[in-house]
Amino acid sequence: MLRATNSPDERVTAEHRGKLAYIYVRQSSVNQVRHHQESTELQYRLIDRAVALGWPHERVHVIDEDLGKSGSGCVEREGFKKLIAEIGLGNAGLVISLDASRLARNNRDWHQLLDLCSLFGVIIADGERLYDPCAYHDRLLLGLSGIMSEAELHQIKQRLHQGERQKAARGELRLGLPAGLAHDRSGQIILNPDEEVQARLCLVFSKFRELGSARAVMRYLRKENLPLPMRPLRGPAPHEVVWREASNPRVLSILHNPGYAGAYVYGRRRQTGGRVRQDVYRSRTAKVPIADWEVCLEAAHPGYIGWEEFMENQRRLENNINRYEAGHSGVPRKGAALLQGIAVCGRCGRRMSLRYSGPAGNYPVYTCRADRGHDGGPLCQEVRALPVDARVESILLEALTPDRIAIAVDALGQMEEEVRQLERQWALRRERARYEAERAHRQYDAVEPENRLVARSLERGWEEKLRAAETIEQDYERWRSNEPLVLSEADRDGLLAIGENLPGIWHAPSTTAAERKSILRLIICEVVLDQKRLQGQVWIKILWQTGATSEHSLQRRVHTYGDYLNIDRLRTRVTELNAAGKMDKEIASELNAEGFLAAQNCAFKGDNVWLLRRRWGIATVKINGTSPNPFRWPDGTYSVQGAAAALGITPQTIFKYMARGLIQGRQLVKGQPWQIELTEDQIDILRARAQRNRRSRKPPRYWTACCTIRQ
């Protein structure tokens, strides 16, 4: 319950003086602590005020662990946490600070302090008067002081930000520069005077222009053992350039930095709230989209690339993220699907994703999951990748046929240019290593010989620089032995011959799937697929990088012949070949030669033709056309019916005799009538064999006909 007080002296009682007095000292930044000494001394003199209020000097404790820290929160303020703990333990009777802004700059911490002081009966004092948190009017004044302190902090930040923003709008705000840029004596931004830094950054941008992926550039730099220049952001300025091994984040930091495009940018990042880890919430730094940058002054200073190339690099990096639903094609990967990332659904216009089918999971299928992902419906369409890839591949190689010689010459020139770039990189590295060794030598020579404490350290440094220079020389000799600087005429002729054979390079085992996809994307932008537009076909529309388009079609694999392409033409052709007396295998060979494909998109076989004839009711044309088989053929052989009549047995028994080898028969092809060879002796022996069997009550069916034949 709040109570009223009389005079200020009555607020401090013997009970308060029996506890400790705490002096809380804080300034917001290290710069204030270093340059505003009067404020610090004024806060330390509050000890005299505590002594004047009746506390012995030895019972007055100073808490100054928070010097140089902001009062906007208590997360990093160990001194404020210590003060709260002492109050909660009942050890504090008086808390003195210069004003409320020293104790806290936000109402949460301030009111937590007031609640604890009110609960444990602690007096709060500033440079002017005493406050009892249990008293209504004092509590009201303390609350207003906390509100004004927080509002004051907000106003200070707002004024500082407005001034900073106004200076940045003129391009005069001095910001941290990456390793490739530096300030001259007049404060203007220039390229780093170090030639090796410039050459290395130019190499990064040229390789990204060639390879199209930050990770590919990183792998190239690691392969050639080329580190990247970096400028550390921590420590006192100015920061020196250091060399670090190439990594994907470091390459991305170079490609994403607009300073390398000659632009002055302010507001690339902003503070946002969020959880850092479990139970820890603090502001975080988030990237701002390019369109939302507060200040962006193009061509403000020299750069390594132009602004248009910088924007193209950003679009390329964003497109390298494998997000098909967002329309990104992704980086070419090692999968078997040639159109990975650039296949577009011809029905809904969305980018198609990939799945792999088959027992071993090695048959790619282009899939449009837009409808299923949106409303849980069926798949929009699925297209088998391998036939489509083969068709697009043949179109691509045909389109490049007139330019094969030019491609080979360009490839040869690119190889020579790459060798020259690497030679320059190595020359600069060797020059830097020699300079570092000579510099260490000069430092060692400049020290007095008697000063062995320093001389020994400089000698060790000189030896380390010499070893580093020797290592670089050995690496250079090893590289030069593997990479000749000048190609011989034989090598040039061989490379030109290989370059002219573009299909051979394309299908070579050494050419990876990712390299084929990269070549394809240089020429083709997108490929639109639709297998439901035309019956039995896949409709293909190619969007070339030049802006031209071309449409193609491909016979696709169908489950039934009801969806077969040109089913009427196939039926007519089967009927014609069958009428010409050809058997099923011969018909299948003719169909394959004429370019027909079966329903499963494979070659025809005799079984396929037999199934089609059976479905369409096309009877096999036999030796005698469509008339019944005679008893004897013109060459003297018997038919099955004639042999049965000659032997006095049934036709089924004839087949049994042939299976046992008692009689011999042949067919011209499968499906034609049997031609059975019988001599007079065989007829007598087999007829006697049949008579020894149990006689039927009825005469044999073909007895009369047999007698007629023998006559």
Side-chain angles (χ1 to χ4, degrees), residues 212-213 315-396 513-514 516-545 547-565 597 599-602:
S213 168
R315 287 189 290 269
R316 203 168 185 179
L317 290 171
E318 184 181 5
N319 193 45
N320 285 346
I321 303 174
N322 293 317
R323 291 181 57 198
Y324 297 129
E325 65 276 5
H328 298 171
S329 60
V331 180
R333 292 176 289 180
K334 61 181 180 180
L338 184 64
L339 305 182
Q340 165 249 320
I342 63 173
V344 178
C345 179
R347 304 189 66 207
C348 63
R350 296 181 177 91
R351 202 168 295 274
M352 304 180 75
S353 60
L354 270 175
R355 73 174 181 88
Y356 286 84
S357 63
N362 53 356
Y363 290 93
V365 180
Y366 299 120
T367 306
C368 181
R369 298 189 176 93
D371 294 342
R372 175 173 293 181
H374 184 264
D375 53 11
L379 291 175
C380 185
Q381 66 170 332
E382 285 189 333
V383 181
R384 296 182 179 273
L386 296 182
V388 174
D389 291 350
R391 176 64 170 158
V392 174
E393 180 181 296
S394 63
I395 296 172
L396 174 67
R516 295 189 185 97
K517 296 174 188 179
S518 299
I519 297 173
L520 179 75
R521 293 186 183 189
L522 292 175
I523 303 167
I524 295 178
C525 179
E526 289 181 350
V527 178
V528 184
L529 305 177
D530 189 356
Q531 70 171 8
K532 298 185 178 181
R533 178 174 300 194
L534 303 175
Q535 180 180 353
Q537 299 181 77
V538 178
W539 179 74
I540 304 173
K541 182 178 181 181
I542 300 178
L543 282 70
W544 303 85
Q545 292 287 2
T549 61
S550 60
E551 295 186 7
H552 313 271
S553 62
L554 171 70
Q555 182 177 346
R556 67 181 178 90
R557 179 178 180 179
V558 295
H559 295 288
T560 63
Y561 279 94
D563 299 329
Y564 188 82
L565 174 65
L597 292 176
Q600 300 298 322
N601 220 22
C602 58

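Contact annotation: the side chain of Val392 approaches that of Leu520 to within less than 4.5 Å [non-hydrogen atoms, C-beta and beyond].
Within 6.0 Å of CD in Glu318 there are 12 or fewer heavy atoms belonging to other residues, nucleotides or ligands.
Between atom CG of residue Leu543 and atom CD1 of residue Ile342 there is a gap of 10.0 Å, rounded to the nearest 0.5 Å. The distance from atom CG of Asn319 to atom CZ of Arg521, rounded to the nearest 0.5 Å, is 7.5 Å. Taken to the nearest 0.5 Å, the OH atom of Tyr363 stands 10.0 Å off from the CZ atom of Arg384. In this structure, NZ in Lys541 is found 10.0 Å from CD in Glu526, a value given to the nearest 0.5 Å. To the nearest 0.5 Å, the span separating CG on Leu554 from CG on Leu529 amounts to 10.0 Å. Atom SG of Cys348 and atom CG of Asp530 lie 9.5 Å apart (nearest 0.5 Å).
Within the 3.5 Å criterion, the main-chain N or O of Gly335 finds no donor-acceptor partner in the side chain of Tyr356. Here the side chain of Arg351 pairs a donor or acceptor atom with the backbone of Gly341 at under 3.5 angstrom. Lys517 places a side-chain N or O within donor-acceptor distance of the main-chain N or O of Ala337, the cut-off being under 3.5 Å. Between the side chain of Thr367 and the backbone N or O of Ser353, no donor-acceptor pair lies under 3.5 Å.
Salt-bridge check for Glu382 with Arg355: passed, with a basic side-chain N closer than 4.0 Å to an acidic carboxylate O.
The shortest non-hydrogen separation linking Gly346 to Val528 is CA-CG1, 3.4 Å. The nearest pair of heavy atoms linking Val365 to Ser357 is CG2-OG, 3.7 Å. For Val538 against Gln531, the heavy-atom pair with the smallest separation is CG2-CB, 4.0 Å. Here the closest non-hydrogen pair linking Cys345 and Gln381 is SG-NE2, 3.2 Å. The nearest pair of heavy atoms linking Tyr366 to Met352 is O-CE, 3.5 Å.
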